[in-house]
Amino acid sequence: MSQFQTTKSQEIFAAAQRLMPGGVSSPVRAFKSVGGQPIVFDRVQGAYAWDVDGNQYIDYVGSWGPAICGHAHPEVISALKAALDKGTSFGAPCVLENVLAELVIAAVSSIEMVRFVNSGTEACMSVLRLMRAFTGRDKVIKFEGCYHGHADMFLVKAGSGVATLGLPDSPGVPKNVTSNTLTAPYNDLEAVKTLFAENPDQIAGVILEPVVGNSGFIPPDAGFLEGLRVLTQENGALLVFDEVMTGFRIAYGGAQEKFGIKPDLTTLGKVIGGGLPVGAYGGRADIMAMVAPAGPMYQAGTLSGNPLAMTAGIKTLELLQKPGTYDYLDRITKTLIQGLLDIAKETGHAACGGSISAMFGFFFTAGPVHNYEDAKKSDLAKFSRFHRGMLERGIYLAPSQFEAGFTSLAHTEADIEKTLAVAKEVMQSL
Ligand code: KE4
């Protein structure tokens, strides 16, 4: 057993709990579902994090997605240092917005115009308003276990922290706000067809995670995305890919490049901010033309498009354009997940899982896991014991079964081998 001690983390977290609800700025960080005390980070670099007690971790959360080039990449840091000399926020047009917009439009074929905001939540709430403004319809279909940020209308059978905490949706959200949010099980085209039949000409569109990360890792079944594209077109509804997590991670052009599906609108976040607060929504020019001040649909933000966030995003996407990037990410992540599944088998634990590029996940169940209901049937208690065992041996996994794992360009084959060696020790002890 390591000399793992977390005295300072515990002191700081105890104080934090007196200052902030649950001691955190975002619920999933509180380790509620995996138990035990969260670790207070002191600094991050590349594939690693260090806590305030000096313990080092191989980090597979990567700030929940932004750190795909590795934490604090030297080229991102130096670009930010140079940008700082020009100020932190303009509140006025800035050429850096053009530069990042051009990179996003060049990368994501369905995006003809883009609007920057400050988080994935803002991107998703804005895109929902745009769906409704463009179609004149109020209803929207989301999938159980998918998470599109914490805006009221999405807090219906949501994933991520809502699932992690087992919240029955959230108090404070009026029924009349969520009454227009229809839900279906992920990968269930028949359920979507039924919703369209039951709500003729009333559904503005379908929004989904094209690869789910917020119920744990659940890829689309063959034909699911294609089926949604046909169903939305047949019903005069929009298809919206929430690529806040998958964008620039599943492929440089996102899941829509990987699966060859062209949505009408897309949301982005995480990676395009390179670790600073950014979100974005974009898509067909005829739809985006509705967004103020070009059109009547209002959406705004003090810090939207700020030069620092644009700088970090631009440098991150430039780094991701290097040849071989996604081959490397896919290779090391496949080695990791296949190793974990082999070890589970060798040590007598039922497990299933997978990966696509730098996104992975597994469940302690024989599976298969096609949707959130399946994910909930996995052995959550065993996942918690596994998470704690890995943490105490220097491997930092997402503190919830209902999250995905992330690798980066900074993770080496040696890091993966070490992770698998630790996983074998832990799984033997479960
Ligand atoms: P933010 O508002 O947290 O930037 O983005 C919301 C969001 C929207 N869409 C998808 C597919 C997302 O995954 C997210 C946020 N992801 C979670 C982790 N699963 C963020 C971590 C957290 O809530 O602390």
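The model shown is predicted, which means the values in this text are computed figures rather than measured ones. As the structure lists them, so they are numbered: ligands from 1, and atoms in each ligand from 1.
Under a 4.0 Å N-O distance rule, the pair D53/K8 does not qualify as a salt bridge.
Listed as neighbours of ligand 1 are S26, V28, W64, S119, G120, T121, Y147, H148, G149, S160, E209, N214, D242, V244, M245, K270, E403, each bearing a heavy atom under 4.0 Å from the ligand.
Taking the six-membered ring wherever Trp is involved, the centroid distance between the rings of F224 and F259 does not fall below 6.0 Å. Here the two rings, on Y372 and F143, have centers that are 6.0 Å apart or farther. Taking the six-membered ring for Trp and the full ring otherwise, Y48 and Y396 have centroids separated by 6.0 Å or more.
In this structure, Y57 and F41 have parallel ring planes: the angle between them is below the 30° cut-off, well short of the 60° mark.
A donor-acceptor contact shorter than 3.5 Å is absent between the side chain of R388 and the backbone of V34.
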